[in-house]
Amino acid sequence: MDEIKKRGIKVGYTPDVLTEATAELSVALLLATCRRLPEAMQEVKNGGWKSWSPMWMCGYGLSNSTVGIIGLGRIGLAIAQRLRPFGVKKFLYTGRKPRPERASEVDAEYISCDKLAQESDFVIVSCSLTPETEGLCNKDFFGRMKKTSVFINISRGSAVNQEDLYQALTSGQIAAAGLDVTTPEPLPINHPLLNLKNCGNVCLL
């Protein structure tokens with residue numbers, strides 16, 4: 001900032017311009033991931049859909065689930081507000097400090113990052129990238145998650161250790177992941193994550 005001031009460079013800040021759009025697209029990514037929509041569409045195209053089966057491509061539902069949000073800022077709150085009508089049982093959140101006013105809008109409970117990983121059926125990363133959050137979602141984090149958990153990252157690619165995420169997905173440590181952000185962006189087309197059926201990577205905004 002000192003250098004910017006020194007050079008007389010004007011800096012603009014436009015909060016809330018994309019909050020609503022980002023929240024809507026984040027919910028779309030979560031639903032597509034947990035209900036296995038891209039995988040199911042591919043099965044139709046490649047002939048994998050043979051006949052009706054009650055449990056085929058069911059995925060995981062939001063009703064009576066626990067959703068954990070890392071970073072209950074404007075976007076994190078907007079996501080929670082949109083997920084509430086799906087019958088989510090409990091919202092958990094973590095961050096640098098409690099945000100009681102925002103949390104009260106969705107009855108969210110502030111807990112540690114470790115507990116959030118352990119207790120959540122869905123984990124949504126929507127925090128800003130700082131030295132504290134860089135690499136936050138790593139082998140230890142994924143190791144605490146449920147095997148049926150779905151992981152969504154709309155924060156920054158560097159908030160996730162992608163090698164650890166790959167191992168968590170291929171080993172069955174977690175069920176699925178939906179990524180709006182990666183390192184680098186876009187991922188090379190031969191990147192291991194892009195070859196996984198249980199990992200979706202899209203460009204939302």
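Remember, it's a predicted structure, so these values are computed and weren't measured experimentally.
Taking hydrophobic clusters as Ile, Leu, Val, Met, Phe, Trp and Tyr residues chained together by side-chain heavy-atom distances below 4.5 Å, Val202 shares a cluster with Leu31. Criterion: ILVMFWY side-chain heavy atoms under 4.5 Å apart, direct or through other members. Under it, Leu165 and Met145 are part of a common hydrophobic cluster. Connection of Val123 to Leu169 is established within a shared hydrophobic cluster, with ILVMFWY side chains joined at heavy-atom distances below 4.5 Å, either directly or through further cluster members. Leu83 and Val106 fall within the same hydrophobic cluster, where Ile, Leu, Val, Met, Phe, Trp and Tyr residues are linked whenever their side-chain heavy atoms come under 4.5 Å apart, directly or through other members.
Dense packing is recorded around CD1 of Ile9, with more than 12 heavy atoms of other residues, nucleotides or ligands lying under 6.0 Å away. Residue Glu101 places its CD atom among 12 or fewer non-hydrogen atoms of other residues, nucleotides or ligands, all under 6.0 Å distant.
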- Leu92 vs Glu119, side-chain contact (heavy atoms from CB on, under 4.5 Å): CA-CA, chis, key distance, verdict: CA-CA 9 Å; Leu92 305 175; Glu119 298 180 17; 3.8 Å; yes
- Item | Check against side-chain contact (heavy atoms from CB on, under 4.5 Å), Val125 and Ile154 | CA-CA 6 Å; Val125 186; Ile154 64 155; over 6 Å; no
- Task: Output, in order, the C-alpha distance, side-chain angles, deciding distance and verdict of side-chain hydrogen bond (donor to acceptor under 3.5 Å, both in side chains) for Glu132 and Thr130.
- Result: CA-CA 5 Å; Glu132 291 74 29; Thr130 66; 3.2 Å; yes
- Message: Determine whether Phe122 and Cys34 satisfy the following criterion, side-chain contact (heavy atoms from CB on, under 4.5 Å), listing intermediate values before the conclusion.
- Response: CA-CA 9 Å; Phe122 300 88; Cys34 72; 3.5 Å; yes
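Residue pairs meeting the ring pair (Phe, Tyr, Trp, His ring centres under 6.0 Å) criterion with at least one member in residues 150-181, sequence neighbours excluded, are Phe142-Phe151. Legend: salt bridge (Lys or Arg N to Asp or Glu O under 4.0 Å) pairs involving residues 54-64, not counting sequence neighbours: none detected.
Listed by chain and residue number, nothing satisfies the salt bridge (charged side-chain N to carboxylate O under 4.0 Å, His left out) test with Lys90 (two or more places apart in sequence, or in another chain). With sequence neighbours left out, the side chain to side chain donor-acceptor pair (under 3.5 Å) criterion links Arg144 to Asp114, Asp140. Shown here are the side chain to side chain contact (heavy atoms under 4.5 Å, CB included) partners of Pro188, two or more places apart in sequence or in another chain: Pro184, Asn190, His191. Partners of Tyr110 by ring pair (Phe, Tyr, Trp, His ring centres under 6.0 Å), not counting sequence neighbours, listed by chain and number: Tyr93. Here Arg84 pairs with Asp107 under the salt bridge (charged side-chain N to carboxylate O under 4.0 Å, His left out) rule; sequence neighbours left out. Applying the salt bridge (charged side-chain N to carboxylate O under 4.0 Å, His left out) test to Arg99 and every residue at least two apart in sequence or in another chain returns nothing. With sequence neighbours excluded, the residues satisfying side chain to side chain contact (heavy atoms under 4.5 Å, CB included) with Thr33 are Leu29, Val150, Ile152, Ala176. Residues satisfying the salt bridge (charged side-chain N to carboxylate O under 4.0 Å, His left out) test with Glu20, not counting sequence neighbours, are Arg82. Residues forming a side chain to side chain donor-acceptor pair (under 3.5 Å) with Gln81 (at least two apart in sequence, or on another chain): Glu105.
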Enumerate, atom names and distances included, each donor-acceptor pair closer than 3.5 Å involving a side-chain atom of residues 56-74, sequence neighbours excluded.
unit_1: Ser65; atom_1: OG; unit_2: Leu62; atom_2: O; d: 2.6
unit_1: Arg74; atom_1: NE; unit_2: Asp16; atom_2: OD1; d: 3.3
unit_1: Arg74; atom_1: NH2; unit_2: Tyr13; atom_2: OH; d: 3.3

